[in-house]
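To start, the structure itself, in structure tokens.
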Amino acid sequence: MLFPTVTFAVFFLIVLPVSWSLMRHQSAWRLFILAASFVFYAWWDWRFVFLLAASIVVNQTLAVAIYRTGAVAPRKALLAAAVAFDLGLLAYFKYTNFFLSSIDNVLGTSWIANVTLPVGVSFFTFMAISYVVDTYRGELVPTTLMRFAVFQAFFPHLVAGPIVRARELLPQLDEPRDPRRVDTGRAFFLIVTGLFLKVVIANHLATHIVDDVFAAPSRHSSLEVLVGVYGYAVQIFADFCGYTNIAIGIALLLGFEFPQNFASPYSAVSLQDFWRRWHMTLSRFLRDYLYIPLGGNRKGRILTYRNLLLTMLLGGLWHGAAWTFVVWGGIHGLGLAVERATGWKPHTRAQVWLGRLLTFHVVCFAWIFFRADSFSRAGDVIVRLFDAWGQGSPLVTTSVVLAIAVGIVSQYVRPGAVVSVVSSFQRLPVVAQSACVAVALTLINTLGPTGVAPFIYFRF
């Protein structure tokens, strides 16, 4: 099992007390965190530690060279070399099998390449690209090799994000760390809610309906397939939001503030609004390093639609080396272009709820291609949504419906209410906070299924 939650927790409980004891000694603390991050990554496969180290050394060297070079042409050449190196790594490890299998399907050949995908390679590669590009744009002064290595390898977000930019994290590495000023109340609240989302909501839906429905849709009723599609929408949110809550909470305990990555995406009134709320750090990356360099909306309506579509197609391909992910991105790209062309902006309350309903179902429809392992399987799911009504639906249980309801209704909780709850928890005495956390963990352990599946985004 890839980086199970329990292993992650045990590793962190070992790192935290040592980290707190070293916080006032910046050099020793950075060295310890870097070593801990490499040990964490090596836990999966020690061979790929060298890949991470190579990415750190090459990108730092080229970023420094870009900063010190005044002439335009050499700077562009160095930037091109850095981006080519990063995208080359990503292309080889993530897309070799995909492209060879595509050639096989067209030519009838039998190329074989068993390339193992290093966990988290997409995330630390994107972070490296943002570091080098920001240096080229003059928005960032390169830091030392040690600080850059800590930034890129920092274990809480190493394998599945959020995608933290250098200008967000590097300044924090230079600030004095004090364990007495760590926001433990908010950190433990985030970690516990993240565990609940992952262990209880996401895993329950995966094991009780989603996996079965997508494995063999023809064996299930239309109602089960429909609930399975809704269930996957909630599962992937709970799984990924749960991970990022845990990552943000762990970073807080280590004295660092990560950017928010989710903001009630299923309450979005449009696809544009959805992407402002879903995987927000990826959305910002695609906007700033792909959509805007393509021209954004500055070169007329037709090119704006093209840029939206290209950005989402490439965003889909980034999520997975399969044509189903490209279709998933294409659905979102076409939807964003249609919204831009029609100028859709809800004003009345009825329009807001209509927008939410339409957006949620477009997103759910696209999730079918994201989850299905082939076009034929996605087609089976879509057909089964219509041709098996009235059949028995034993998988549509009370617990499944309740888990889906909790996942969707939670999207409509006012942010102020959450802040109020967190503030109330922070004001509790340490003993009371510990008791609350203990009760919550016991409840999670009781409600969660036996065993914990890997986080979905670990494979991206």
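Just the heavy atoms: all of them, side chains too, but no hydrogens, waters or symmetry mates, feed the values below.
Of the inter-residue distances, the one linking L52 atom CG with F38 atom CZ reads 4.5 Å to the nearest 0.5 angstrom. Here CG of L336 is found 12.0 Å from CD1 of I331. Values are rounded to the nearest 0.5 Å. From M312, atom CE reaches atom CH2 of W328 across 5.5 Å, with rounding to the nearest 0.5 Å. Remark: R137 CZ to D288 CG distance equals 6.5 Å, nearest 0.5 Å. Note that OG of S374 and CZ of F369 are 10.5 Å apart. Values are rounded to the nearest 0.5 Å. Atom-to-atom distance recorded for N59:CG and L89:CG is 8.5 Å, nearest 0.5 angstrom.
When each of I236, D273, N261 is checked for a side-chain contact (heavy atoms from CB on, under 4.5 Å) with W278, only I236 meets the rule. If you run side-chain hydrogen bond (donor to acceptor under 3.5 Å, both in side chains) between Y131 and each of Q152, R165, Q60, only Q60 comes through. If you run side-chain contact (heavy atoms from CB on, under 4.5 Å) between L78 and each of T61, V132, L62, only L62 comes through. Partner of I444 under the side-chain contact (heavy atoms from CB on, under 4.5 Å) criterion, out of V439, V199, T193: V199 alone.
Between the side chain of E224 and the backbone N or O of I209 there is no donor-acceptor pair closer than 3.5 Å. Of the possible polar contacts, none joining the S55 side chain to the L51 backbone as a donor-acceptor pair under 3.5 Å is found. For T244 (side chain) and P162 (main-chain N/O), no donor-acceptor pair under 3.5 Å exists by modelled atom type. One N or O on the side chain of Q411 and one on the backbone of Y266 form a donor-acceptor pair closer than 3.5 Å.
Donor-acceptor pairing under 3.5 Å is lacking for the side chains of D239 and Y232. T397 and H208 share no side-chain donor-acceptor pair at under 3.5 Å. Looking at H361 and Y230, their side chains do bring a donor and an acceptor atom within 3.5 Å of each other. Side-chain N/O atoms of D86 and T125 include no donor and acceptor closer than 3.5 Å.
Taking a 6.0 Å sphere around OH of Y67, one finds it holds 12 or fewer heavy atoms contributed by other residues, nucleotides or ligands.
The aromatic rings of F285 and Y289 sit tilted, their planes meeting at an angle between 30° and 60°. Below 30°, between 30° and 60°, or above 60°: for W367 and F274 the angle between ring planes is above 60°, a perpendicular geometry.
Here F123 and W318 bring their ring centres to under 6.0 angstrom of each other. With ring centers used as reference points, F240 lies under 6.0 Å from F262. Ring centroids of F32 and W29 are separated by 6.0 Å or more, keeping the two rings apart.
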